[in-house]
*Asks:* 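Handing you this structure, nothing more for now.
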Amino acid sequence: MAEELPGSPPEETLSLWKREQARLKARVVDRDTEAWQRDPAFSGLQRVGGVDVSFVKGDSVSACASLVVLSYPELKVVYEDCRMVSLTAPYVSGFLAFREVPFLVDAVRRLQEKDPHLMPQVLLVDGNGVLHHQGFGVACHLGILIDLPCIGVAKKLLQVDGLENNALHKEKIRLLRAGGDSFPLMGGSGTVLGMALKSHDHSTKPLYISVGHKISLEAAVRLTLVCCRFRVPEPVRQADIRSRDYIRRTLGVPGPPASGRERSQKAQRPKACPQWGSEEPAGLEITH
DNA sequence: GCGACAG
DNA sequence: ATCTTGTCGC
(Lines give C-alpha, C1' and ligand atoms only; values in the text may rest on other atoms or scores of the structure.)
Protein backbone atom coordinates (compact mmCIF):
# COMPACT_ATOMS: atom_id res chain seq x y z
CA MET A 1 0.00 0.00 0.00
CA ALA A 2 1.01 3.61 -0.43
CA GLU A 3 3.45 2.83 -3.20
CA GLU A 4 1.88 5.12 -5.73
CA LEU A 5 1.08 8.79 -5.50
CA PRO A 6 -1.67 10.37 -7.60
CA GLY A 7 -0.21 11.71 -10.80
CA SER A 8 -1.90 15.03 -10.25
CA PRO A 9 -3.93 16.39 -7.34
CA PRO A 10 -7.54 17.42 -7.93
CA GLU A 11 -8.13 21.00 -8.98
CA GLU A 12 -9.66 21.67 -5.61
CA THR A 13 -6.42 20.79 -3.84
CA LEU A 14 -4.42 23.09 -6.07
CA SER A 15 -6.89 25.82 -5.26
CA LEU A 16 -6.42 25.29 -1.55
CA TRP A 17 -2.66 25.27 -1.97
CA LYS A 18 -2.76 28.54 -3.89
CA ARG A 19 -4.83 30.10 -1.15
CA GLU A 20 -2.35 28.93 1.46
CA GLN A 21 0.54 30.38 -0.55
CA ALA A 22 -1.26 33.70 -0.87
CA ARG A 23 -1.96 33.74 2.85
CA LEU A 24 1.65 33.06 3.88
CA LYS A 25 3.09 35.28 1.17
CA ALA A 26 1.95 38.37 3.05
CA ARG A 27 4.46 37.52 5.77
CA VAL A 28 7.56 37.41 3.57
CA VAL A 29 10.26 39.93 4.43
CA ASP A 30 12.44 40.64 1.39
CA ARG A 31 15.07 42.78 3.07
CA ASP A 32 17.99 42.31 5.44
CA THR A 33 16.98 41.81 9.03
CA GLU A 34 20.34 40.84 10.55
CA ALA A 35 23.47 42.93 11.02
CA TRP A 36 25.80 40.35 9.43
CA GLN A 37 23.83 40.53 6.19
CA ARG A 38 24.93 44.11 5.63
CA ASP A 39 28.53 43.55 6.61
CA PRO A 40 30.89 43.36 3.62
CA ALA A 41 32.68 40.38 5.19
CA PHE A 42 29.58 38.86 6.78
CA SER A 43 31.27 39.24 10.15
CA GLY A 44 28.94 37.87 12.78
CA LEU A 45 27.90 35.01 10.52
CA GLN A 46 29.00 31.67 11.94
CA ARG A 47 26.63 29.00 10.69
CA VAL A 48 25.00 28.44 7.31
CA GLY A 49 22.48 25.67 6.76
CA GLY A 50 21.43 23.68 3.73
CA VAL A 51 18.46 21.43 3.10
CA ASP A 52 17.56 18.93 0.42
CA VAL A 53 15.35 15.95 -0.29
CA SER A 54 16.66 13.00 -2.32
CA PHE A 55 14.53 10.22 -3.71
CA VAL A 56 14.60 6.46 -3.91
CA LYS A 57 14.87 5.39 -7.51
CA GLY A 58 11.80 3.34 -8.30
CA ASP A 59 9.66 4.69 -5.48
CA SER A 60 7.50 7.80 -5.63
CA VAL A 61 7.01 8.14 -1.90
CA SER A 62 10.27 7.12 -0.22
CA ALA A 63 12.81 9.89 0.19
CA CYS A 64 15.53 11.18 2.47
CA ALA A 65 15.22 14.65 3.94
CA SER A 66 18.45 16.22 5.10
CA LEU A 67 19.58 19.27 6.99
CA VAL A 68 23.22 20.19 7.32
CA VAL A 69 24.88 23.07 9.12
CA LEU A 70 28.27 24.38 8.02
CA SER A 71 30.61 26.68 9.90
CA TYR A 72 31.34 30.00 8.28
CA PRO A 73 33.70 30.92 6.74
CA GLU A 74 35.35 27.49 6.92
CA LEU A 75 32.39 25.72 5.34
CA LYS A 76 32.94 22.58 7.41
CA VAL A 77 29.96 20.40 8.25
CA VAL A 78 29.22 20.70 11.96
CA TYR A 79 25.78 19.10 11.95
CA GLU A 80 23.99 16.56 9.80
CA ASP A 81 20.52 15.11 10.00
CA CYS A 82 19.27 12.61 7.42
CA ARG A 83 15.95 10.84 7.79
CA MET A 84 13.87 8.56 5.60
CA VAL A 85 10.39 9.94 5.03
CA SER A 86 7.22 9.00 3.17
CA LEU A 87 6.05 11.78 0.89
CA THR A 88 2.35 12.47 0.82
CA ALA A 89 2.10 14.94 -2.04
CA PRO A 90 3.18 14.50 -5.67
CA TYR A 91 5.48 16.96 -7.38
CA VAL A 92 3.60 19.73 -9.12
CA SER A 93 5.52 22.66 -10.54
CA GLY A 94 4.67 25.66 -8.42
CA PHE A 95 3.80 23.57 -5.38
CA LEU A 96 7.09 21.94 -4.49
CA ALA A 97 6.81 23.12 -0.90
CA PHE A 98 3.72 21.04 -0.22
CA ARG A 99 5.75 17.97 -1.09
CA GLU A 100 9.01 18.71 0.73
CA VAL A 101 8.62 21.44 3.31
CA PRO A 102 6.90 19.46 6.11
CA PHE A 103 9.97 17.23 6.45
CA LEU A 104 12.39 20.13 6.36
CA VAL A 105 10.45 21.85 9.11
CA ASP A 106 10.67 18.63 11.13
CA ALA A 107 14.43 18.57 10.68
CA VAL A 108 14.80 22.14 11.88
CA ARG A 109 12.64 21.38 14.91
CA ARG A 110 14.76 18.35 15.77
CA LEU A 111 17.82 20.58 15.66
CA GLN A 112 16.09 23.11 17.87
CA GLU A 113 15.49 20.42 20.47
CA LYS A 114 18.80 18.65 20.18
CA ASP A 115 21.44 21.30 19.48
CA PRO A 116 19.83 24.74 19.54
CA HIS A 117 23.25 26.35 19.65
CA LEU A 118 23.94 24.91 16.20
CA MET A 119 20.87 26.53 14.64
CA PRO A 120 21.97 28.10 11.34
CA GLN A 121 21.59 31.85 10.88
CA VAL A 122 20.50 31.38 7.28
CA LEU A 123 19.34 28.46 5.17
CA LEU A 124 20.11 27.82 1.51
CA VAL A 125 17.20 26.01 -0.06
CA ASP A 126 17.21 23.87 -3.20
CA GLY A 127 14.56 25.67 -5.24
CA ASN A 128 13.14 29.16 -5.69
CA GLY A 129 12.02 31.91 -3.36
CA VAL A 130 9.96 34.79 -4.75
CA LEU A 131 10.95 33.76 -8.29
CA HIS A 132 7.82 31.69 -8.51
CA HIS A 133 4.38 31.32 -10.09
CA GLN A 134 2.66 32.83 -7.06
CA GLY A 135 5.71 34.69 -5.80
CA PHE A 136 6.03 32.16 -2.99
CA GLY A 137 8.40 29.29 -3.69
CA VAL A 138 9.74 26.66 -1.32
CA ALA A 139 12.43 28.96 0.09
CA CYS A 140 9.79 31.50 1.14
CA HIS A 141 7.50 28.79 2.44
CA LEU A 142 10.16 27.21 4.62
CA GLY A 143 11.42 30.60 5.79
CA ILE A 144 7.99 31.63 6.98
CA LEU A 145 7.29 28.35 8.76
CA ILE A 146 10.56 28.35 10.69
CA ASP A 147 11.08 32.12 10.84
CA LEU A 148 14.66 31.98 9.60
CA PRO A 149 16.43 33.83 6.77
CA CYS A 150 16.21 31.67 3.64
CA ILE A 151 17.68 31.90 0.15
CA GLY A 152 16.28 30.19 -2.93
CA VAL A 153 18.97 28.48 -5.00
CA ALA A 154 17.63 26.95 -8.21
CA LYS A 155 19.68 25.18 -10.87
CA LYS A 156 17.22 25.87 -13.69
CA LEU A 157 15.26 28.96 -14.62
CA LEU A 158 11.64 28.71 -13.60
CA GLN A 159 9.89 30.26 -16.57
CA VAL A 160 7.28 32.46 -14.94
CA ASP A 161 6.06 36.03 -15.23
CA GLY A 162 7.52 36.53 -18.68
CA LEU A 163 10.90 34.99 -17.87
CA GLU A 164 12.02 32.62 -20.60
CA ASN A 165 15.07 30.50 -21.14
CA ASN A 166 15.22 31.74 -24.71
CA ALA A 167 18.00 32.83 -27.03
CA LEU A 168 18.31 36.24 -25.37
CA HIS A 169 18.57 34.67 -21.94
CA LYS A 170 21.19 32.24 -23.16
CA GLU A 171 23.14 35.11 -24.67
CA LYS A 172 23.14 36.94 -21.35
CA ILE A 173 24.50 33.78 -19.74
CA ARG A 174 27.20 33.57 -22.36
CA LEU A 175 28.27 37.10 -21.51
CA LEU A 176 28.89 36.26 -17.85
CA ARG A 177 32.65 36.27 -17.59
CA ALA A 178 33.89 35.46 -14.13
CA GLY A 179 32.53 33.84 -11.01
CA GLY A 180 30.39 36.43 -9.25
CA ASP A 181 29.06 37.92 -12.49
CA SER A 182 25.30 38.10 -12.59
CA PHE A 183 22.31 39.72 -14.22
CA PRO A 184 18.84 40.53 -12.92
CA LEU A 185 15.76 38.53 -13.74
CA MET A 186 12.96 40.96 -14.27
CA GLY A 187 9.39 39.84 -14.24
CA GLY A 188 6.73 41.25 -16.49
CA SER A 189 5.73 43.76 -13.86
CA GLY A 190 9.21 45.27 -13.92
CA THR A 191 10.12 43.78 -10.57
CA VAL A 192 13.45 42.06 -10.10
CA LEU A 193 12.50 38.53 -9.07
CA GLY A 194 16.00 37.15 -8.78
CA MET A 195 19.51 37.04 -10.19
CA ALA A 196 21.24 34.64 -12.54
CA LEU A 197 24.65 34.07 -10.94
CA LYS A 198 27.77 32.55 -12.41
CA SER A 199 28.94 30.89 -9.23
CA HIS A 200 32.37 29.85 -10.43
CA ASP A 201 34.85 31.03 -13.05
CA HIS A 202 34.44 27.88 -15.09
CA SER A 203 30.79 27.24 -14.53
CA THR A 204 28.67 27.25 -17.69
CA LYS A 205 25.23 27.15 -16.15
CA PRO A 206 24.29 29.90 -13.71
CA LEU A 207 22.43 29.54 -10.46
CA TYR A 208 19.10 31.29 -10.10
CA ILE A 209 19.05 33.10 -6.77
CA SER A 210 15.98 34.61 -5.22
CA VAL A 211 14.89 35.89 -1.84
CA GLY A 212 13.25 33.38 0.42
CA HIS A 213 12.75 35.30 3.62
CA LYS A 214 14.46 37.86 5.86
CA ILE A 215 17.31 38.74 3.50
CA SER A 216 17.82 41.09 0.58
CA LEU A 217 18.50 39.81 -2.90
CA GLU A 218 21.89 41.52 -2.84
CA ALA A 219 22.97 39.78 0.35
CA ALA A 220 21.48 36.49 -0.89
CA VAL A 221 23.62 36.58 -4.02
CA ARG A 222 26.72 37.68 -2.14
CA LEU A 223 26.34 34.94 0.47
CA THR A 224 25.63 32.25 -2.10
CA LEU A 225 28.79 33.20 -3.92
CA VAL A 226 31.05 32.95 -0.88
CA CYS A 227 29.59 29.51 -0.16
CA CYS A 228 30.57 28.15 -3.58
CA ARG A 229 33.57 25.87 -3.93
CA PHE A 230 31.77 24.23 -6.84
CA ARG A 231 28.78 25.35 -8.85
CA VAL A 232 26.27 24.47 -6.17
CA PRO A 233 26.90 26.19 -2.82
CA GLU A 234 28.35 23.88 -0.16
CA PRO A 235 25.37 23.85 2.21
CA VAL A 236 23.00 22.63 -0.50
CA ARG A 237 25.65 20.42 -2.06
CA GLN A 238 26.47 18.71 1.24
CA ALA A 239 22.79 18.21 2.02
CA ASP A 240 22.38 16.61 -1.40
CA ILE A 241 25.44 14.38 -1.15
CA ARG A 242 24.63 13.22 2.35
CA SER A 243 20.95 12.52 1.72
CA ARG A 244 21.84 10.45 -1.32
CA ASP A 245 24.55 8.57 0.54
CA TYR A 246 22.09 7.92 3.32
CA ILE A 247 19.69 6.30 0.88
CA ARG A 248 22.43 4.13 -0.58
CA ARG A 249 23.59 3.21 2.89
CA THR A 250 20.04 2.34 3.89
CA LEU A 251 18.59 0.66 0.82
CA GLY A 252 21.46 0.58 -1.61
CA VAL A 253 24.18 -1.99 -2.27
CA PRO A 254 24.99 -3.96 0.90
CA GLY A 255 28.73 -4.07 0.31
CA PRO A 256 31.15 -1.14 0.68
CA PRO A 257 30.00 2.39 1.42
CA ALA A 258 28.75 3.85 -1.84
CA SER A 259 30.87 6.94 -2.29
CA GLY A 260 34.15 6.80 -0.45
CA ARG A 261 34.40 10.47 -1.24
CA GLU A 262 32.49 13.26 -2.79
CA ARG A 263 30.94 12.54 -6.16
CA SER A 264 27.67 13.64 -7.72
CA GLN A 265 27.08 16.88 -9.55
CA LYS A 266 27.86 16.35 -13.21
CA ALA A 267 30.31 18.87 -14.56
CA GLN A 268 30.61 21.21 -11.65
CA ARG A 269 34.24 20.79 -10.82
CA PRO A 270 36.29 23.87 -11.38
CA LYS A 271 39.00 23.34 -13.95
CA ALA A 272 41.79 25.04 -12.14
CA CYS A 273 41.24 27.65 -9.54
CA PRO A 274 44.37 28.99 -7.82
CA GLN A 275 42.10 30.24 -5.08
CA TRP A 276 41.27 26.72 -3.99
CA GLY A 277 44.17 25.21 -5.93
CA SER A 278 45.24 22.24 -3.89
CA GLU A 279 42.27 21.95 -1.63
CA GLU A 280 41.47 19.03 0.59
CA PRO A 281 38.41 17.44 -1.00
CA ALA A 282 39.24 14.27 0.89
CA GLY A 283 37.79 15.52 4.15
CA LEU A 284 35.44 12.87 5.50
CA GLU A 285 34.50 14.73 8.62
CA ILE A 286 31.11 13.99 10.07
CA THR A 287 30.80 16.13 13.14
CA HIS A 288 28.42 14.49 15.49
C1' DG B 1 -2.92 18.60 -30.38
C1' DC B 2 1.66 20.35 -28.50
C1' DG B 3 4.81 22.28 -25.43
C1' DA B 4 6.09 23.38 -20.64
C1' DC B 5 7.53 21.69 -16.20
C1' DA B 6 11.88 24.53 -9.35
C1' DG B 7 12.65 19.35 -7.34
C1' DA C 1 14.26 14.28 -8.80
C1' DT C 2 16.53 9.59 -10.94
C1' DC C 3 19.78 6.52 -14.46
C1' DT C 4 25.77 7.23 -14.82
C1' DT C 5 32.14 6.52 -16.92
C1' DG C 6 35.17 8.14 -18.84
C1' DT C 7 37.17 11.98 -20.58
C1' DC C 8 38.71 16.57 -22.10
C1' DG C 9 41.04 20.76 -20.47
C1' DC C 10 43.99 23.75 -17.49
Side-chain angles (χ1 to χ4, degrees), chain A residues 5 7-9 14 17 21 50-66 84-85 87-104 124-143 150-166 169 178-179 185 187 193-197 200-212 224 232 236-237 239-241 243-248 251-253 258-259 262-279:
Chain A
L5 228 43
S8 171
L14 295 182
W17 283 354
Q21 290 177 326
V51 291
D52 190 41
V53 177
S54 291
F55 303 80
V56 173
K57 181 188 164 186
D59 199 328
S60 63
V61 302
S62 296
C64 174
S66 69
M84 291 305 299
V85 300
L87 304 172
T88 61
Y91 169 69
V92 181
S93 181
F95 303 96
L96 175 65
F98 294 91
R99 177 168 167 82
E100 304 188 344
V101 129
F103 308 103
L104 301 180
L124 301 203
V125 183
D126 206 333
N128 293 291
V130 299
L131 172 46
H132 178 270
H133 302 68
Q134 282 79 236
F136 192 73
V138 63
C140 298
H141 206 133
L142 180 60
C150 282
I151 298 172
V153 182
K155 296 180 287 298
K156 297 175 185 175
L157 174 66
L158 183 54
Q159 304 187 140
V160 297
D161 197 18
L163 293 174
E164 281 186 291
N165 183 23
N166 54 23
H169 181 79
L185 301 166
L193 300 177
M195 296 284 273
L197 170 71
H200 196 281
D201 284 349
H202 298 276
S203 180
T204 300
K205 301 177 55 166
L207 291 176
Y208 295 95
I209 309 302
S210 59
V211 170
T224 299
V232 175
V236 170
R237 182 166 170 274
D240 176 71
I241 291 173
S243 61
R244 293 165 68 150
D245 271 358
Y246 188 85
I247 287 177
R248 299 192 62 167
L251 313 169
V253 285
S259 59
E262 304 176 348
R263 297 199 103 277
S264 93
Q265 315 271 7
K266 300 139 206 168
Q268 302 189 145
R269 286 219 49 182
K271 308 293 183 176
C273 189
Q275 183 180 358
W276 300 112
S278 51
E279 200 54 57

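Owing to the predicted nature of the structure, the values given are computational and were not obtained by experimental measurement. Protein chains get the first letters and strands the later ones, always in sequence-line order, with residue 1 at the start of each. Quick note: numbers below take in every heavy atom, side chains included, and nothing from hydrogens, waters or symmetry partners.
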*Asks:* Report the relative orientation of the aromatic rings in A:W17 and A:F95; use parallel for angles under 30°, tilted for 30 to 60°, perpendicular for over 60°.
*Replies:*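 Rings of A:W17 and A:F95: tilted, as their planes differ by 30° to 60°.
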
*Asks:* Mind checking A:F95 for me? I need base, sugar-phosphate or nothing, with any heavy atom below 4.0 Å counting as a touch.
*Replies:*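 If one applies the 4.0 Å heavy-atom cut-off, A:F95 turns out to touch a base.
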
*Asks:* How does DNA chain B look in dot-bracket form if you count Watson-Crick and G-U pairs under 3.5 Å, write [ ] for pairs that cross, and put | where a base pairs with another strand?
*Replies:* .......

*Asks:* Using a heavy-atom cut-off of 4.0 Å across all strands, would you classify A:V138 as base, sugar-phosphate, or nothing?
*Replies:*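 It contacts base atoms.
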
*Asks:* Kindly indicate whether the side chain of A:H132 and the base of B:dA6 share any N or O donor-acceptor pair separated by less than 3.5 Å?
*Replies:*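 Yes, the side chain and the base share a sub-3.5 Å donor-acceptor pair.
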
*Asks:* Looking at B:dG7, C:dC3, B:dA6, which one has an atom nearest to any side-chain atom of A:N128?
*Replies:*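 The listed nucleotide nearest to A:N128's side chain is B:dA6.
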
*Asks:* Considering only C:dT2, B:dG7, B:dA6, which nucleotide approaches the side chain of A:L158 most closely?
*Replies:*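 Of the candidates, B:dA6 comes closest.
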
*Asks:* Could you tell me the separation between the NZ atom of A:K57 and the P atom of C:dA1, rounded to a whole number of Å?
*Replies:*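 So the NZ-P distance, A:K57 to C:dA1, works out to 17 Å.
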
*Asks:* Determine whether A:L185 and A:Y208 make a side-chain contact, defined as any pair of heavy atoms from C-beta on separated by less than 4.5 Å.
*Replies:*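 In short, these two side chains touch, coming nearer than 4.5 Å.
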
*Asks:* For the residue pair A:H141 and A:F98, categorise the inter-ring angle as parallel (less than 30°), tilted (30 to 60°) or perpendicular (more than 60°).
*Replies:*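 Rings of A:H141 and A:F98: perpendicular, over 60°.
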
*Asks:* Can A:Y208 be classed as stacking with the base of B:dA6, given a centroid separation cut-off of 5.5 Å and a plane angle cut-off of 30°?
*Replies:*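 So no, this residue does not stack on that base, at least one cut-off failing.
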
*Asks:* What integer distance in Å separates A:L163:CG from B:dA6:P?
*Replies:*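 It is 13 Å, rounded to the nearest whole Å.
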
*Asks:* Classify the nucleic acid contact of A:G94 as base, sugar-phosphate or nothing, counting any heavy atom under 4.0 Å across all strands shown.
*Replies:*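 Touches a base.
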
